[in-house]
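Take a look at the structure set out below.
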Amino acid sequence: MRIARREAVLNYLVLGVFSLFAVVPMVGVLLSAVTPTTDPQAGFHLPSSIDLGNFVEAWNRGQFSTYLRSSLTVTISVVILTSILSIFAGFAFARLHFPGKNVLFFLLLAGLMLPAEAFIIPLYYDLRGAGLTDSYWALILPQTAQSLAFGVFWMRNQFRTFPGEIMEAGKMDGASDLRVLWRIVVPPSVPAITTMCLLVAMWTWNEFLIPLIMVSSENLRTAPLGLAFFQGQHITEYSLLAAAGTIVALPIVLLYFFLQRRFISGMLNGISSR
């Protein structure tokens with residue numbers, strides 16, 4: 001009993017220390033975001049008063065309404081495409097039998113080890129040749145392909161742990177593989193699918209290199225790219241920069257806040273399935 005308590009105290013202590021490393025910079029950014037521009041701007045400190053006008057000024061100066069709309073369009077599209085393709089492909093690799101299944105799966109997994117920097121230049125020329133650069137397709141298609149390797153891997157692990165007897169019972173009742181997938185397998189897998197969607201949304205929202213290379217129109221810039229341009233124009237206005245950074249990060253923070261239970265449940269199920 002004493003050993004268990006000591007281990008629990010030690011675990012909480014270690015987690016608390018690492019939590020401080022994560023929380024303290026966030027608190028510093030929030031304090032900077034509400035600090036009046038007339039206050040000293042060097043370092044983290046308590047502001048003399050709370051100035052929420054920094055968010056309004058950063059929003060108007062940085063045109064973040066346009067950037068956030070672009071990011072939402074790209075992120076939602078990538079999440080939907082990745083989810084549908086990953087569910088179909090994950091089920092096929094987990095439960096169906098076809099020639100070259102293992103070879104194709106490990107070839108797909110190679111995408112997890114390939115950074116965007118390795119293919120961004122040929123990808124740009126390919127999309128330019130197809131007339132897709134400087135469009136939403138130049139942002140949606142590459143990021144969908146980039147997320148697909150993880151999505152298929154994640155859903156394959158989830159579907160492999162699903163009881164085969166239930167699927168066989170469905171087939172005996174006359175259900176096709178497609179009906180078994182959507183009516184029997186997918187509903188209990190919602191936590192794992194939610195976790196995958198949240199991770200893909202976070203990666204897509206934070207993507208910087210692909211939007212930087214693929215688009216030049218200002219109305220197609222995503223939020224992180226718009227934040228980089230805003231930083232270059234207001235490099236010494238720390239309160240505005242902190243406010244702009246908070247605006248860009250807020251949608252993903254809110255998304256995680258509302259879906260955290262499903263996210264944690266999906267993560268635990270994914271870990272236990274391995």
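In this text, all values refer to a predicted model and were calculated from it rather than measured experimentally.
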- Under 4.5 Å between any side-chain heavy atoms of Y125 and R128, yes or no? yes
- List the steps, then state whether side chain to side chain contact (heavy atoms under 4.5 Å, CB included) holds for T133 with V215. CA-CA 6 Å; T133 53; V215 299; over 6 Å; no
- Item | Nearest-0.5 Å distance, CD of residue Q158 to OG of residue S86 | 13.0 Å
- Heavy-atom pair of closest approach, residues V180 and M167: CG1-CG, 3.7 Å
- Task: Drop me the distance from Y238's OH to S32's OG, to the nearest 0.5 angstrom.
- Result: 10.5 Å
- salt bridge (charged side-chain N to carboxylate O under 4.0 Å, His left out): which pairs involve residues 50-60, sequence neighbours left out? E57-R61
- Query: Can you find a pair of side-chain heavy atoms, one from Y136 and one from S77, that are under 4.5 Å apart?
  - Reply: no
- For the residue pair E218 and F229, establish whether any side-chain heavy-atom pair is separated by less than 4.5 Å. no
- Query: What closest approach, in Å, do C197 and S83 show between heavy atoms, and which atom pair accounts for it?
  - Reply: SG-OG, 3.0 Å
- Task: Look only at the side chain of W205 and the backbone of V248, and say whether a donor-acceptor pair between them is shorter than 3.5 Å.
- Result: yes
- Query: Taking T75 for the side chain and A201 for the main chain, is one N or O donor matched with an acceptor at less than 3.5 Å?
  - Reply: no
- Separation of S239 OG from F55 CZ (nearest 0.5 Å): 9.5 Å
- Item | Short side-chain to backbone donor-acceptor contact, T73 and R69, under 3.5 Å | yes
- Message: Surrounding CZ of F257 (heavy atoms of other residues, nucleotides or ligands, distance under 6.0 Å), is the total greater than 12?
- Response: no
- Item | Heavy-atom pair of closest approach, residues L20 and P25 | O-CD, 4.0 Å
- Query: Any side-chain heavy atom of L225 within less than 4.5 Å of one from T222?
  - Reply: yes
- Message: Less than 4.5 Å apart, side chain to side chain, heavy atoms only: is that true for E207 and L209?
- Response: yes
- Report whether V253 and L255 are members of the same hydrophobic cluster (ILVMFWY, side-chain heavy atoms less than 4.5 Å apart, transitive linking). no
- Co-membership, hydrophobic cluster, residues F106 and F159, 4.5 Å side-chain: yes
- Query: Hey, is the main chain of L96 close enough, under 3.5 Å, to the side chain of K101 for a donor-acceptor pair?
  - Reply: yes
- Note on the structure: In this structure, CD of Q231 is separated from CG of L240 (nearest 0.5 Å) by 12.5 Å
- Can you label the angle between the F105 ring and the F153 ring as parallel, tilted or perpendicular, going by 30° and 60°? parallel
- Task: Show your working on ring-ring contact (aromatic ring centres under 6.0 Å, His included) between F88 and W182 and close with a plain yes or no.
- Result: CA-CA 10 Å; F88 278 118; W182 289 107; 5.5 Å; yes
- Starting at CH2 of W203, measure out to CG of L198 and round the result to the nearest 0.5 Å. 10.0 Å
- Message: Counting C-beta onward and ignoring hydrogens, is there a side-chain heavy-atom pair between S217 and S135 closer than 4.5 Å?
- Response: no
- Item | side-chain contact (heavy atoms from CB on, under 4.5 Å) partners of S65, counting only residues at least two apart | W59
- Query: Taking C-beta and beyond as the side chain, do N54 and V34 meet within less than 4.5 Å on heavy atoms?
  - Reply: no
- Message: Is there a continuous path of hydrophobic side-chain contacts, each under 4.5 Å between heavy atoms, that joins F98 to M155?
- Response: yes
- Task: Quick one: pull up CG in L139 and CG in L127 and give me the separation to the nearest 0.5 Å.
- Result: 9.5 Å
- For F208, does the CZ atom sit with more than 12 other heavy atoms under 6.0 Å from it, leaving out its own atoms? yes
- Please say whether more than 12 non-hydrogen atoms of neighbouring residues, nucleotides or ligands are located less than 6.0 Å from CD1 in I235. no
- Same apolar cluster (I L V M F W Y, side chains within < 4.5 Å links), L114/V200: yes
- Task: Evaluate the criterion salt bridge (Lys or Arg N to Asp or Glu O under 4.0 Å) for residue pair R95 and D177; output intermediate values, then yes/no.
- Result: CA-CA 10 Å; R95 293 297 180 177; D177 288 330; over 6 Å; no
- Message: Would you say that more than 12 heavy atoms from the other residues, nucleotides or ligands in this model lie under 6.0 Å from the CE of M26, or not?
- Response: no
- Item | Check: F93 and N102 side chains under 4.5 Å, non-hydrogen atoms | no
- Is the F64 ring parallel, tilted or perpendicular to the Y67 ring (thresholds 30°, 60°)? perpendicular
- Any donor-acceptor pair under 3.5 Å linking the side chain of Q143 with the backbone of Q146? no
- Joint hydrophobic cluster, V79 plus L72, side-chain heavy atoms closer than 4.5 Å: yes
